[in-house]
Amino acid sequence: MPPTLLIVEDDRSLLEVWKTIFSTRGWHVSSATTLAEGLAHLDPPPDYVILDLELPDGSGEAILRQIRELGLKTRVAVTTGSDDLSRLTDLHPEALFQKPVDVAAIWQQGGFAQVN
């Protein structure tokens, strides 16, 4: 069974890039552009999440917090343009990427090796 990936990202261009990269490699990809949609996609839990912290209806941090509180095995890569990452200290995302994200470079350098 292919890995499942949820992409929670309100930047439509970046969302499409992530979807294309992973779906062409055989992953089952779903997406959300808001906090509410992202929370709704946690049942059943995906194997992996690429999570933007700045969403139109709230902080993506709430999704990561929900994953941790429920004890889900979902691995999370956070993308953000924020410099204040202290709020993530106790949530331990598996990866953190500062925006703007160079998706191609990350893939080529094996930046997703830990989630592949």
| said: Looking at every heavy atom in both Glu61 and Leu53, which two are closest together, and how far apart are they? | reply: N-CD2, 3.6 Å
| Mind checking what makes side-chain contact (heavy atoms from CB on, under 4.5 Å) contact with Thr74, not counting sequence neighbours? | Pro45, Pro46, Val49, Ile67, Leu72, Val76
| How long is the gap from OG1 on Thr24 to CZ on Phe22, to the nearest 0.5 Å? | 9.5 Å
| field | Test side-chain hydrogen bond (donor to acceptor under 3.5 Å, both in side chains) applied to Ser31 - qualifying residues, sequence neighbours left out | value | none
| message | Testing the basics here: between Gly38 and Ala32, what is the closest heavy-atom pair and its distance to 0.1 Å? | response | N-CB, 3.5 Å
| request: Using side-chain contact (heavy atoms from CB on, under 4.5 Å) as the criterion, list what pairs up with Glu16, not counting sequence neighbours. | output: Lys19
| Is there side-chain contact between Thr79 and Glu9, with at least one heavy-atom pair below 4.5 Å? | yes
| said: Going by the rule side-chain contact (heavy atoms from CB on, under 4.5 Å), which residues pair with Ala36 if we only count those two or more places apart in sequence or in a different chain? | reply: Thr34, Asp57
| query | Got a sec, which pairs hit salt bridge (charged side-chain N to carboxylate O under 4.0 Å, His left out) with one end in residues 33-48, sequence neighbours left out? | reply | none
| query | Are Trp27 and Pro2 side-chain neighbours, meaning at least one heavy-atom pair lies under 4.5 Å? | reply | no
| said: Go through it in stages, so that I can follow the logic: the residues are Leu51 and Val8, the test is side chain to side chain contact (heavy atoms under 4.5 Å, CB included), and I'd like the CA-CA distance, side-chain angles, deciding distance and then a yes or no. | reply: CA-CA 5 Å; Leu51 177 63; Val8 184; 3.8 Å; yes
| So which heavy atom on Leu39 is nearest to which on Ala62, and how close? | CD2-O, 4.2 Å
| To the nearest 0.5 Å, how far apart are CZ in Arg25 and CG in Leu5? | 12.5 Å
| Under a 4.0 Å N-O cut-off, is there an ion pair linking Arg68 with Glu94? | yes
| remark: Distance col, row Leu6:CG vs Tyr48:OH, nearest 0.5 angstrom, shows 14.0 Å
| How far does CG of Leu35 sit from CG of Asp10, to the nearest 0.5 angstrom? | 11.0 Å
| query | Tell me, do Leu64 and Pro93 make a side-chain contact under 4.5 Å, heavy atoms counted? | reply | yes
| message | Which heavy atom of Gly60 sits nearest to which heavy atom of Leu55, and what is that distance? | response | CA-CD1, 3.8 Å
| Listed by chain and number, what are the side-chain hydrogen bond (donor to acceptor under 3.5 Å, both in side chains) partners of Asp11, not counting sequence neighbours? | none
